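Have a look at the structure below, then the notes.
In this text the structure is predicted, and so the values were computed from the model without any measurement. The chains referred to below are lettered A, B, ... by the order of the sequence lines, with proteins before strands, and numbering in each begins at 1. Worth knowing before you read on, the calculation uses all heavy atoms, side chains too, and leaves out hydrogens, waters and symmetry mates.
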Amino acid sequence: MDKQKSDRLINLEAIKKLGWDPFGQRFASAQPIKSVLTAYDPAQEGKPATVAGRIMIIRQHGKTAFLDIKDWTGKVQVYIKKDKISEPLFQLYEQLDMGDIIGVTGGVFKTKTGEITIFAEQITILSKALQPLPEKWHGLKDVELRYRKRYLDLLTNEPVMDTFLKRVQIIGGIRSFLNNRGFIEVETPMMQPIPGGATARPFITHHNALDMDLYLRVAPELYLKRLLVGGMEKVYEINRNFRNEGISTHHNPEFTMLELYQAYGDYQVMMDLTEALITTLVPMQSGSDLKIKYNEVDLNLNSPWPRKTYQELFRQYVGLDWSDQNAVSKKAESLQLDFKNKPYETLANDVFEKLVEPNLTGPIFVIDYPAAICPLTKSKKDNPAVAERFELFIAQMEIANAFTELNDPVDQRRRLEQQLKNRAEGAVSLDEDFITALEHGMPPAGGLGIGIDRLVMILTNSASIRDVILFPTLREKSPVPPAPDGHRGSAETKGG
RNA sequence: GCGCCCUUAGCUCAGUCCGGUAGAGCAGCUGACUCUUAAUCAGCGGGCCGCAGGUUCGAUUCCUGCAGGGCGCACCA
């Protein structure tokens, strides 16, 4: 055991000897530290207050000491003076370490250097810390440690706590925005017998009692549409999707998605809704100004956001007409894209992703995708080759994806079967019950998906998705390295 | 999956180029100090230098493999 921990265990025993429970009891009388600071009034110097929090630092001065106590609203200084506190309490103080959680009651005053401070009269130990805090000045810097021990990251790096509190606000803001518009929040299966709604590779798990494989959902889409069939006209779900794909600064295997469906709407309605939603959320984070900075790049989120067609952007950034199959295929070849018996539209979309998307600083709605790459989308009335779909790009990231939902069960079956043929990967089999549901009649509807993590990235100016997910997926780290030839560790194992 | 980079004390980092068995600050311990602000002052402990091999009289340092992480690419949202 390391020295720091054993020293703290000694202090813990000393605290027990003094008659205290080192892990404390209910302490419901504490007020938020921030409110203590704002309530301070020089006319009422010495007015008592009670706080609870973690000791972040101790400055000892012989028979006095200053402690900084932190709760999640702020930090306040506590002043301990031997002749102003009972002897047992001073003995307790002497066994306290940085990182311990304590409760303090005392009069609030201003020191001669002007800092609002609680003059301790009562101290209670609420939890003894057996591990030291990270370095007080630099905090926890090691990126891996920050992700693995997020609790320390939150504790010592203020901007981190700030980001995650903002995330909570953003998601809360989305809920109230939608609830105010008459949407209801629902929960649909995360474990699905047939993964559908997107083409990503799924995670597989197994149910023992039913003896059946289940897939962690890649999207809730097909279930939410069943609810449209069932008569729920405005539904949404905010929850995790799981995709068994690579990990990057923009991809975590489990990520949070908002999906919503509005009966009798279409993708135009969804576009207006998306723009209204996000422009409502931005001021919550950055004041009323909708001009924000992301990764040193200026983004102007003031309405209206440009809407450009897929083909228009294709022509602009690829320099070719999308329908010119020969030229586009040649382009794909020169980009060394993977052809592996892909349909033309998919290949052309690879070109789009490679050459167009890096230019989409946004915000910009890319609208009217080729129908062939949109199996769940209704085509334009006057042009079956073009789907009523848009994707919203901000900072080169796809933030939202939405369409006029395909509600023709015959067409839907045909398209899903076609997709199964084209891409074995991901697609397991056809969800027959989904088709049956459509056969019962689904109202025309607009559907929308927003990647919450990415949206939070933009609104909190975070460069990596791991900075907006509390516990991002990391490889498991074996706690003890193996000692193969008994070089160390288990010294002499006998026999053989 | 591929490429580049990183891994030294509980934490933040030097040192490695040019091989000789490791340093600082914070944290810890002891002492001084009754309004401090990264408190200060004096002293003391603390290291499988990510792991495993190789080269060498000798490896934290050079080489190889592995592990974990970061970034980029690929896949995807």
Side-chain angles (χ1 to χ4, degrees), chain A residues 1-8 10-11 56-68 75 77-85 90 97-99 109-115 117 119 129-149 152 156 197-201 218-219 241-259 336-338 350 353-354 357 391-393 397-401 425-426 449-455 457 463-466 472 474-485 487-489:
Chain A
M1 188 196 307
D2 68 272
K3 179 76 163 36
Q4 308 233 15
K5 187 167 165 187
S6 58
D7 285 340
R8 282 160 181 265
I10 290 168
N11 291 347
M56 298 309 288
I57 199 165
I58 303 177
R59 292 181 291 277
Q60 297 188 55
H61 291 264
K63 296 177 178 57
T64 66
F66 294 91
L67 324 184
D68 288 349
K75 200 155 73 171
Q77 180 170 261
V78 169
Y79 184 41
I80 292 175
K81 200 172 184 184
K82 191 170 176 20
D83 59 16
K84 285 288 196 295
I85 201 170
F90 196 77
D97 292 300
M98 291 184 216
F109 75 109
K110 233 176 201 175
T111 62
K112 69 181 182 191
T113 50
E115 180 158 349
T117 300
F119 206 141
L130 299 181
Q131 300 278 357
L133 286 172
E135 218 262 351
K136 66 181 177 190
W137 189 242
H138 300 91
L140 191 66
K141 282 272 184 303
D142 185 293
V143 179
E144 183 178 354
L145 275 181
R146 285 186 41 227
Y147 294 153
R148 289 192 193 278
K149 298 184 183 295
L152 295 178
T156 54
T199 51
R201 277 214 305 273
V218 295
N241 287 351
F242 307 86
R243 299 191 180 176
N244 207 337
E245 309 280 355
I247 293 179
S248 79
T249 47
H250 298 67
H251 303 264
N252 196 62
E254 52 176 318
F255 63 103
T256 301
M257 182 90 150
L258 161 68
E259 274 203 22
Q336 297 181 314
L337 291 177
D338 183 8
D350 291 347
E353 285 176 10
K354 191 102 182 177
E357 289 185 6
E391 288 191 1
L392 168 66
F393 283 84
M397 275 191 286
E398 184 193 329
I399 298 297
N401 181 17
E425 249 188 323
I450 295 182
I452 299 298
D453 311 286
R454 289 180 178 180
L455 181 63
M457 283 171 70
S464 169
I465 199 167
R466 271 167 249 130
L474 295 180
R475 215 178 288 261
E476 188 181 27
K477 204 170 185 178
S478 52
V480 184
D485 348 345
H487 258 153
R488 59 174 69 88

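Nucleic acid contact for A:Phe109: base, since at least one base atom lies under 4.0 Å from a heavy atom of the residue. Heavy atoms of A:Gly246 sit under 4.0 angstrom from at least one base atom. Residue-level contact check: A:Lys354 touches the backbone only, with heavy atoms under 4.0 Å from sugar-phosphate atoms and none from bases. Residue A:Gln131 is classed as having no contact, given no heavy-atom separation below 4.0 Å to the nucleic acid. Within the nucleic acid shown, A:Leu474 comes within 4.0 Å of sugar-phosphate atoms alone, with no base atom in reach, counting heavy atoms only. Residue-level contact check: A:Arg146 touches neither bases nor backbone, having no heavy atom under 4.0 Å from any strand. Note on A:Glu391: nothing from the nucleic acid sits closer than 4.0 angstrom, heavy atoms only. Using a 4.0 Å heavy-atom distance criterion, A:Thr156 is classed as making no nucleic acid contact.
The side chain of A:Thr117 approaches B:U36 more closely than any other nucleotide in the set B:A67, B:U36, B:C71. For A:Leu145, the listed nucleotide lying nearest its side chain is B:C11; candidates were B:C11, B:C13, B:U36. The A:Phe66 side chain lies nearest to B:U36 when the options are B:C13, B:U36, B:G70. Closest approach to the A:Lys112 side chain among B:U36, B:C26, B:G69 is made by B:U36 (side chain taken as heavy atoms from C-beta onward). Closest to the side chain of A:Glu398, out of B:G72, B:U12, B:A77, is B:A77. Side-chain atoms of A:Ile57 lie closest to B:A38 of the nucleotides B:A38, B:C13, B:C11. The side chain of A:Glu245 sits closest to B:C75 out of B:C35, B:A77, B:C75.
The nearest whole Å value for the distance from the CG atom in A:Asp68 to the P atom in B:U36 is 14 Å. To the nearest angstrom, P of B:C26 lies 13 Å from CH2 of A:Trp137. A:Glu144 places its CD atom 6 Å from the P atom of B:G69, with the value rounded to the nearest Å.
Not counting sequence neighbours, the partners of A:Glu254 by the salt bridge (Lys or Arg N to Asp or Glu O under 4.0 Å) test are A:Arg240. Residues satisfying the side-chain hydrogen bond (donor to acceptor under 3.5 Å, both in side chains) criterion with A:His138, sequence neighbours excluded, are A:Glu135. With sequence neighbours left out, A:Glu144 forms a salt bridge (Lys or Arg N to Asp or Glu O under 4.0 Å) with A:Arg148, A:Lys477. The salt bridge (Lys or Arg N to Asp or Glu O under 4.0 Å) check on A:Glu391 picks up A:Arg389, with sequence neighbours excluded. Applying the side chain to side chain contact (heavy atoms under 4.5 Å, CB included) test to A:Lys354 and every residue at least two apart in sequence or in another chain returns A:Leu335, A:Leu337. Evaluation of the side-chain hydrogen bond (donor to acceptor under 3.5 Å, both in side chains) rule for A:Asp7 yields A:Lys3 as partners, not counting sequence neighbours. Residues passing the side-chain hydrogen bond (donor to acceptor under 3.5 Å, both in side chains) test with A:Thr156: none are found, sequence neighbours excluded.
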Indicate for each nucleotide in nucleotides 2-7 of chain B, in 5' to 3' sequence, whether protein heavy atoms under 4.0 Å reach the base (B), only the sugar-phosphate (S), or nothing (-). ------
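Taking atom P in both B:U16 and B:A22, the straight-line distance is 15 Å, to the nearest Å.
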Short heteroatom pairs, N/O only, protein and nucleotides 28-34 of chain B, under 3.5 Å:
{"from": "B:G28", "atom 1": "O4'", "to": "A:Gln4", "atom 2": "OE1", "distance (Å)": "3.4"}
{"from": "B:G28", "atom 1": "O2'", "to": "A:Asp7", "atom 2": "OD2", "distance (Å)": "2.2"}
{"from": "B:C33", "atom 1": "N3", "to": "A:Gly62", "atom 2": "N", "distance (Å)": "2.9"}
{"from": "B:C33", "atom 1": "N4", "to": "A:Gly62", "atom 2": "N", "distance (Å)": "3.1"}
{"from": "B:U34", "atom 1": "N3", "to": "A:Asp83", "atom 2": "OD2", "distance (Å)": "3.0"}
{"from": "B:U34", "atom 1": "O4", "to": "A:Asp83", "atom 2": "OD2", "distance (Å)": "3.2"}

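Ring orientation note: the planes of A:Phe119 and A:Phe109 are tilted relative to one another, at an angle of 30° to 60°.
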